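Computed from a predicted structure; not experimentally measured. In what follows, chains are A, B, ... by sequence order, proteins preceding strands, each numbered from 1.
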2 protein chains.
Amino acid sequence: MRARNAELTKERILNAAERSFSERGIDGVSLREIAASAGVQLALISYYFRTKEGLYRAVFHRRIDPISAERTSKLRSLMARKNPPPTVEEVLDALARPWVELRDKRGGLLYTRLIAREVGDPREASRGIVRDLLDPIAREFIGALEKVLPNHPKSEIHWTYHFFIGGLLLVLLKQERIERLSGRVCDLAHGEHVIEEIVGLFARALRNSQKTKKPAARASRNPRGRKGDETRNVLSARRKSAQRRADR
Amino acid sequence: MRARNAELTKERILNAAERSFSERGIDGVSLREIAASAGVQLALISYYFRTKEGLYRAVFHRRIDPISAERTSKLRSLMARKNPPPTVEEVLDALARPWVELRDKRGGLLYTRLIAREVGDPREASRGIVRDLLDPIAREFIGALEKVLPNHPKSEIHWTYHFFIGGLLLVLLKQERIERLSGRVCDLAHGEHVIEEIVGLFARALRNSQKTKKPAARASRNPRGRKGDETRNVLSARRKSAQRRADR
DNA sequence: GAATTAATTAGACGACTGACCAATTAGCTT
DNA sequence: AAGCTAATTGGTCAGTCGTCTAATTAATTC
């Protein structure tokens with residue numbers, strides 16, 4: 001007889017479900033498998049989560065709140081800072097870091113994969129998980145990027161945001177493949193390194209954009225719109241480890 | 001009675017399968033659904049493709065060969081050109097264009113989504129479709145980027161390649177979401193525009209990298225390793241429509 | 001310590017799954 | 001016109017699916 005502890009039982013089910021769903025998708029797993037690997041009776045899943053989709057949603061909700069909270073609190077305190085003003089690197093860092101660091105925690109990789117899988121699922125729209133849980137974050141970060149880069153056209157900010165997320169998701173998802181292709185040149189194991197690479201690349205792209213919001217409007221200073229003086233110098237305000245690879 | 005035409009029947013099955021698989025994944029679809037939407041008897045699927053996975057693989061093989069061929073032929077003729085030498089933009093363009101243009105053809109979006117889905121599937125390793133069909137392309141393009149950017153460290157090239165693919169896949173996959181979030185600021189409908197944005201962004205990032213392969217080795221000309229003189233000026237060799245947005 | 005409630009068990013339901021088979025039909029060759 | 005083979009049909013197979021119900025057990029309350 002199992003010890004009667006509802007919370008523990010739910011946790012066991014959620015853990016097993018998270019693993020199974022992230023490994024084989026919502027349709028690739030049966031509730032019987034989940035129940036078995038959780039060491040729990042099949043009917044307990046229905047008892048606690050009603051349906052299979054209910055369980056699936058519960059897996060998401062368990063983890064999404066802490067991450068979202070960390071992300072937005074990080075971003076808000078960052079954007080509130082006046083001196084020195086927040087940099088592009090810092091905004092992108094606040095966007096990538098919670099994901100990457102979650103990956104390195106126990107079970108975190110599973111959840112990262114689960115999110116990537118849900119994002120890639122054409123049926124996700126009907127579930128609305130992405131829309132409800134991730135859209136608010138997207139809006140907030142896009143808004144922050146627009147504030148940090150006031151002269152960049154809106155469209156470019158949006159494009160960059162989605163390229164960034166896509167790149168991050170793929171890298172977190174296809175770790176083995178990237179290592180295989182790169183001959184271990186890319187160091188996927190250390191999250192700090194991943195953050196450094198992706199933040200660096202996208203910050204560079206944004207900084208060196210030739211486009212400006214209104215082509216002729218504010219053309220007084222910095223006429224070609226590249227290498228904005230004020231955004232460039234705050235590189236010194238970067239995070240600890242980000243410096244170690246800034247050769248010369 | 002159906003007209004007896006084996007090729008046509010196979011095509012009908014493959015078309016229906018491509019649609020269903022891309023919409024709901026390999027586990028989200030039953031062979032009966034595919035047979036029904038193809039207007040074909042269930043047993044004909046087994047007859048032509050043996051198993052469900054056999055059908056799945058056939059869907060990939062039907063389309064991957066033309067794309068791979070187009071991509072590599074484009075890339076090879078590009079890399080063979082001496083004067084002017086190939087640019088980063090052109091290499092990235094040859095990488096993105098076949099995908100984007102396929103999307104705009106009949107049924108192409110379905111296949112694009114199918115690939116994204118397979119790439120995101122944790123079980124894809126066991127099938128080996130990505131490894132067999134996409135790894136060769138990846139190696140070739142990474143090699144080309146290394147040739148075009150001889151002073152960039154290998155790792156940066158690799159990272160950039162994967163970020164590029166990830167960004168491209170996500171954008172092609174989540175078209176509706178991006179339009180929703182951007183308030184129609186991003187124009188996903190025109191493939192040319194998508195290519196322009198992603199190629200521009202990543203080329204900018206690569207061009208403005210501060211890193212060099214061997215910090216002090218080949219430091220004769222272009223000592224700071226940024227804004228390579230020769231790569232910068234060939235911007236005029238860019239593709240037709242790429243110019244239309246190069247404001248000022 | 002009996003009553004009440006929450007947690008857990010065991011089992012069954014109809015529906016659906018992929019695979020397979022033998023029988024039948026149409027088109028081609030000779 | 002007959003023979004042969006490829007193409008197509010209708011149906012069956014053993015399993016598995018998610019969900020539900022009724023019975024049983026443990027913990028809590030009065």
Side-chain angles (χ1 to χ4, degrees), chain A residues 1-60 62 114 117-118 121 123-124 126-127 129, chain B residues 1-60 62 114 117-118 121 123-124 126-127 129:
Chain A
M1 299 301 123
R2 149 142 280 97
R4 300 217 157 190
N5 185 333
E7 285 310 311
L8 185 71
T9 303
K10 275 196 264 188
E11 281 295 310
R12 293 167 60 89
I13 296 174
L14 286 173
N15 287 338
E18 183 173 82
R19 168 167 298 271
S20 299
F21 283 149
S22 76
E23 281 173 353
R24 308 205 296 285
I26 186 171
D27 292 312
V29 186
S30 71
L31 292 180
R32 282 171 176 80
E33 291 180 75
I34 294 174
S37 77
V40 148
Q41 202 71 13
L42 170 64
L44 277 183
I45 297 180
S46 305
Y47 179 71
Y48 285 115
F49 304 101
R50 294 286 302 166
T51 68
K52 190 181 193 180
E53 187 171 318
L55 172 61
Y56 188 74
R57 302 185 102 94
V59 171
F60 275 90
R62 178 170 64 150
L114 190 60
R117 178 167 265 283
E118 176 69 7
D121 191 335
R123 282 173 300 167
E124 61 86 15
S126 67
R127 288 191 285 266
I129 294 178
Chain B
M1 299 300 122
R2 150 141 281 100
R4 301 220 157 187
N5 186 332
E7 285 310 309
L8 184 72
T9 303
K10 275 197 265 188
E11 281 295 310
R12 293 168 60 90
I13 295 174
L14 286 173
N15 287 339
E18 184 174 80
R19 167 168 300 271
S20 298
F21 284 148
S22 76
E23 281 174 353
R24 308 206 295 287
I26 186 171
D27 292 311
V29 187
S30 71
L31 292 180
R32 281 171 176 81
E33 291 181 74
I34 294 174
S37 77
V40 148
Q41 202 71 15
L42 169 64
L44 276 183
I45 298 180
S46 306
Y47 180 71
Y48 284 115
F49 305 101
R50 294 286 300 167
T51 68
K52 190 181 194 180
E53 186 172 318
L55 172 61
Y56 188 74
R57 302 185 101 93
V59 170
F60 276 90
R62 178 171 64 149
L114 190 61
R117 178 168 264 282
E118 176 70 6
D121 191 335
R123 281 173 301 167
E124 61 87 15
S126 68
R127 288 191 285 268
I129 294 178

Worksheet item: With sequence neighbours left out, what residues match A:Arg62 under side-chain hydrogen bond (donor to acceptor under 3.5 Å, both in side chains)?
Response: A:Glu11, A:Asn15

Discussion item. Under the rule for side-chain hydrogen bond (donor to acceptor under 3.5 Å, both in side chains), what residues qualify as partners of B:Glu118, not counting sequence neighbours?
Written reply: B:Tyr56, B:Arg127

What is the distance from [atom1] of [X] to [atom2] of [N], rounded to the nearest Å?
X: B:Leu44; N: C:dA19; atom1: CG; atom2: C1'; result: 14 Å
X: B:Gln41; N: C:dT25; atom1: CD; atom2: P; result: 14 Å
X: B:Asp27; N: D:dG18; atom1: CG; atom2: P; result: 11 Å
X: A:Ile34; N: D:dG18; atom1: CD1; atom2: P; result: 8 Å
X: A:Lys10; N: C:dT8; atom1: NZ; atom2: P; result: 10 Å
X: B:Ile45; N: C:dG18; atom1: CD1; atom2: P; result: 9 Å
X: B:Leu8; N: D:dA7; atom1: CG; atom2: P; result: 12 Å
X: B:Tyr48; N: D:dA6; atom1: OH; atom2: P; result: 11 Å

Worksheet item: So which pairs with a foot in residues 30-45 of chain A pass salt bridge (charged side-chain N to carboxylate O under 4.0 Å, His left out), sequence neighbours left out?
Response: A:Arg24-A:Glu33

Worksheet, complete the sentence: residues 36-46 of chain B vs salt bridge (charged side-chain N to carboxylate O under 4.0 Å, His left out), sequence neighbours excluded, gives none

Worksheet item: Are any of the side-chain heavy atoms of B:Ile129 and B:Glu124 separated by less than 4.5 Å?
Response: no

Worksheet, complete the sentence: Between A:Lys52 and A:Val29 the two heavy atoms that sit nearest each other are NZ-O, 2.7 Å

Side chains of residues 36-51 of chain B: which donor-acceptor pairs under 3.5 Å do they make with residues two or more places apart or in other chains?
from: B:Ser37; atom 1: OG; to: B:Ile34; atom 2: O; distance (Å): 3.3
from: B:Thr51; atom 1: OG1; to: B:Glu53; atom 2: N; distance (Å): 3.4
from: B:Thr51; atom 1: OG1; to: B:Gly54; atom 2: N; distance (Å): 3.1

Taking N or O atoms only and anything under 3.5 Å, show me the protein contacts with nucleotides 12-17 of chain D, one pair per line.
from: D:dC17; atom 1: OP1; to: A:Ser30; atom 2: OG; distance (Å): 3.0

Item to complete: Scan B:Tyr47 against the nucleic acid and name what it touches under 4.0 Å (heavy atoms): base, sugar-phosphate only, or nothing.
Response: base

Discussion item. Students often get this wrong, so: under 4.0 angstrom with heavy atoms, is A:Phe49 touching a base, only sugar-phosphate, or nothing?
Written reply: nothing

Worksheet item: Side chain of B:Ser46: nearest nucleotide among C:dA19, D:dT9, D:dC20?
Response: C:dA19

Worksheet, complete the sentence: Per atom distances to the A:Ala43 side chain, the nearest of D:dG10, D:dT8, C:dG11 is C:dG11

Worksheet item: Would you say C:dT8 has OP1 or OP2 under 4.0 Å from some side-chain N or O of A:Thr9?
Response: yes

